[in-house]
Structure formats: structure tokens, C-alpha cells
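Worth knowing before you read on, the calculation uses all heavy atoms, side chains too, and leaves out hydrogens, waters and symmetry mates. The structure presented is a predicted model; accordingly, all values stated were derived computationally and were not measured.
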Amino acid sequence: MLLLSIGAWAVDRWARRRRGRRLGGLAGEFQLTYSAVDRFGLADAVAGTFPICGAADVRVGDLIYGQKGGRHCYVFTVDYTLGALSGRRRWRQVGCASESGGPAGRQVQTIRLADRAEPYLEGYRQLLTAMASAGDATVPS
């Protein structure tokens with residue numbers, strides 16, 4: 001059992017590093033920065049405007065962020081739970097948001113989620129491309 005646990009840990013660590021390298025490279029293409037953790041406490045702001053009704057335990061990770069056109073823009077992985085009691089299920093999607101960082105505080109714009117059918121990395125690329133083409137880093141519709 002110990003060897004099995006160590007093996008699972010090693011595979012998970014390898015997969016996280018690989019994902020981090022890929023997302024870091026993607027962030028570099030768009031002149032943004034990558035962080036594996038939610039260093040800005042974005043999960044609380046995202047949970048308040050999350051587009052899926054009934055989503056609970058919202059968590060943000062694998063964050064690509066930067067400033068464009070006077071706004072802070074973010075593309076991230078969002079994990080959330082849907083359902084009640086026996087029908088609960090955990091979901092993971094790629095999402096994007098932007099916010100103004102004025103003295104009035106944090107104002108997150110509407111969040112857009114990539115299609116769940118899209119491969120993970122393609123969801124990031126799709127949302128980053130849409131944000132870059134918007135020019136002012138607003139959330140694309």
C-alpha cells in the first residue's frame with residue numbers, strides 16, 4: 001500500500017508540473033503571468049458572480065493573469081460542486097474574468113466559462129485569444 005501511495009503521489013506531482021509548464025508557456029505567448037495557486041483570493045469574487053446557479057465550494061487555480069487596457073484580466077481553472085445530497089458532483093472548467101482595480105474595491109465583470117467538451121489547454125487558449133482580441137481585456141461574449 002505504501003508503494004502504491006508513493007507511486008500515485010509521484011504521478012500526480014509529474015502531471016501538475018507538466019500542466020504548469022504548458023500553462024506557463026501559454027501565458028508567455030500572451031505576455032501574461034502564470035500561477036498554480038489563487039494568489040489574489042479570486043475565488044471569493046468569482047463565487048459572487050458565478051454563471052451557474054447552485055454552484056458551491058468554488059475554488060480557483062492554474063491562474064494566468066495580467067493587466068491589459070487598465071483592467072486586470074484572469075483566465076483560470078474553476079472547480080465547483082453542483083447538486084444536493086446524494087446527487088452532488090464536482091466539476092472543473094476553464095473560465096475568464098476581468099476586473100477594475102479602482103479605489104471602490106474589486107468589481108469583477110461577468111465570468112465566461114469555456115466549453116466543458118474542449119480539451120483543457122484549448123479552453124485556456126480560446127479564452128486568452130478572445131480576451132486579447134477584445135483589446136481592453138473585457139470578458140468576451
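In plain terms, the two heavy atoms of Ala97 and Ile111 that are nearest each other are CB-CG1, 4.0 Å. What you find for Tyr124 and Gly61 is that their closest heavy atoms are OH-O, 3.9 Å. When all heavy atoms are compared, the tightest approach of Ala43 to Asp38 is N-OD2, 2.9 Å. Heavy-atom minimum distance, Gly83 versus Arg88: O-CG, 3.4 Å. Taking each heavy atom of Ala114 and Gln93 in turn, the nearest pair found is O-NE2, 3.0 Å. Taking every heavy atom of both residues into account, Asp57 and Arg90 meet most closely at O-NH1, 3.0 Å.
Around the CZ atom of Arg116, the shell of radius 6.0 Å holds more than 12 heavy atoms that belong to other residues, nucleotides or ligands.
In this structure, Tyr65 and Tyr74 have tilted ring planes: the angle between them lies in the 30° to 60° band.
In this structure, the separation between NE2 on His72 and CZ on Phe40 is 8.5 Å, given to the nearest 0.5 Å. Taken from CG in Asp115 to CD in Glu122, the straight-line distance is 12.0 Å, to the nearest 0.5 Å. In this structure, the separation between CD1 on Ile52 and OH on Tyr80 is 3.0 Å, given to the nearest 0.5 Å. One distance of note links CZ of Arg125 with CG of Leu23; it measures 10.0 Å at 0.5 Å rounding. The distance from atom SG of Cys73 to atom CG of Leu128, rounded to the nearest 0.5 Å, is 8.0 Å. In this structure, the separation between CG on Leu26 and CD1 on Ile64 is 5.0 Å, given to the nearest 0.5 Å.
Annotation: side chain of Arg112 is in contact with side chain of Gln126 (closest heavy-atom distance under 4.5 Å). Between Thr129 and Phe30, some side-chain heavy-atom pair lies under the 4.5 Å cut-off. Looking at Leu113 and Phe50, their side chains come closer than 4.5 Å, going by heavy atoms from C-beta outward.
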Show me the donor-acceptor pairs, under 3.5 Å and distance only, between side chains in residues 2-19 and residues at least two apart or in other chains.
| unit_1 | atom_1 | unit_2 | atom_2 | d |
| --- | --- | --- | --- | --- |
| Ser5 | OG | Met1 | O | 3.1 |
| Asp12 | OD2 | Arg16 | NE | 3.0 |
| Arg19 | NE | Asp62 | OD2 | 2.9 |

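In this structure, the salt bridge (Lys or Arg N to Asp or Glu O under 4.0 Å) partners of Arg92, at least two apart in sequence or on a different chain, are Asp79.
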